[in-house]
Amino acid sequence: MKQIVFATNNKNKLREMREIMDGLYEVLGLDDIGCHEEIVEDAETLQGNAKIKADFVTNNYHLDCFADDTGLEVEALDGAPGVYSARYAGEHCSYQDNVRKLLAALKGVENRKAAFRTVIALNLDGKSYFFEGRCDGQITQEQRGTDGFGYDPIFQPEGFAETFAEMGHEGKNAISHRGRATQKLIAFLKNL
Ligand code: IMP
């Protein structure tokens, strides 16, 4: 079977992608190819950071590769935290630190509109491709739910009464930014 690298150390993302690509590609993680170097994601866009990760693997290991990058863009904060979502509250902050900082920044603010955006960069046979997934919604007034990670307890997707942290994994994956970007990637690979 053809092999492709998913430039991630996140075991959950890797497992999920292996299930989705079963029978199509053997998906290898960074660990599987012996890549333990730190990849510095210092671009100012999601697309730029996804490309940095995919290019690192393709250039150094000469393998086809894809990588993803996600950000939460809040309208009232001019798109922040965006590409800085992981370290919104500081370099070594926790998910809870980020959630608390965002709720504080939106205290008393009426416009709670926000969107998660994921960009996947794919390097295949010497060419580069990008796939984007978006999920619109709003930031709640307080945390609800215990499932998920990151900003899930305060993000309520449009058309739903629950936050991402109150939905099951399957429900979230079907409508989430990452789920949608991944569906586009899979459709592209299946059509080759
Ligand atoms: P990454 O690019 O997938 O590592 O995502 C960057 C940051 O965005 C993470 O550290 C989380 O804080 C946040 N994030 C990404 N995806 C999600 C999600 O599905 N739910 C909640 N937060 C997320």
Any luck finding a side-chain donor-acceptor pair between Gln156 and Arg144 under 3.5 Å?
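Arg144 and Gln156 do have a side-chain donor-acceptor pair below 3.5 Å.
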Side-chain donor-acceptor pair present, Asn173, Ser176, cut-off under 3.5 Å
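On atom types as modelled, these side chains do not qualify, holding no pair under 3.5 Å.
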Hey, are the side chains of [X] and [Y] touching, using non-hydrogen atoms and a 4.5 Å cut-off?
| X | Y | answer |
| --- | --- | --- |
| Phe160 | Met167 | yes |
| Glu26 | Ile4 | no |
| Leu72 | Leu102 | yes |
| Tyr88 | Tyr151 | yes |

Please answer whether the main-chain N or O of Val27 pairs with a side-chain N or O of Arg18 as donor and acceptor at a distance below 3.5 Å.
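Such a contact is found between Arg18 side chain and Val27 backbone.
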Not counting sequence neighbours, which residues clear side-chain contact (heavy atoms from CB on, under 4.5 Å) with [X]? List them please.
| X | result |
| --- | --- |
| Asn12 | Asn10, Arg15 |
| Thr146 | none |
| Asp152 | Phe149, Phe164, Ala165, Lys172 |

Residues 52-62 side chain polar contacts: donor-acceptor under 3.5 Å, at least two apart:
residue, atom, partner, partner atom, Å
Lys53, NZ, Glu41, OE1, 3.4
Lys53, NZ, Asp68, O, 2.7
Lys53, NZ, Asp69, OD1, 3.3
Asp55, OD1, Lys51, NZ, 2.9
Asp55, OD1, Asn123, ND2, 2.9
Asp55, OD2, Lys51, NZ, 2.9
Thr58, OG1, Ala54, O, 3.1
Thr58, OG1, Leu63, O, 3.0
Thr58, OG1, Asn123, ND2, 3.2
Asn59, ND2, Asp55, O, 3.2
Asn60, ND2, Phe56, O, 2.7
Tyr61, OH, Glu37, OE1, 2.9

How about NE2 on His36, more than 12 heavy atoms from neighbouring residues, nucleotides or ligands closer than 6.0 Å, or not?
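Check passes, neighbour count above 12.
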In terms of heavy-atom contacts, does CD of Glu19 have more than 12 from other residues, nucleotides or ligands at under 6.0 Å?
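Check passes, neighbour count above 12.
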Qualifying salt bridge (charged side-chain N to carboxylate O under 4.0 Å, His left out) pairs, either residue in residues 72-94, two or more places apart
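Matches after skipping sequence neighbours: Glu73-Arg117.
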Identify every side-chain donor-acceptor pair in residues 182-192 under 3.5 Å, counting partners at least two apart or on other chains, and give the distances.
residue, atom, partner, partner atom, Å
Thr182, OG1, Arg178, O, 2.6
Lys184, NZ, Glu132, O, 2.7
Asn191, ND2, Ala187, O, 3.3

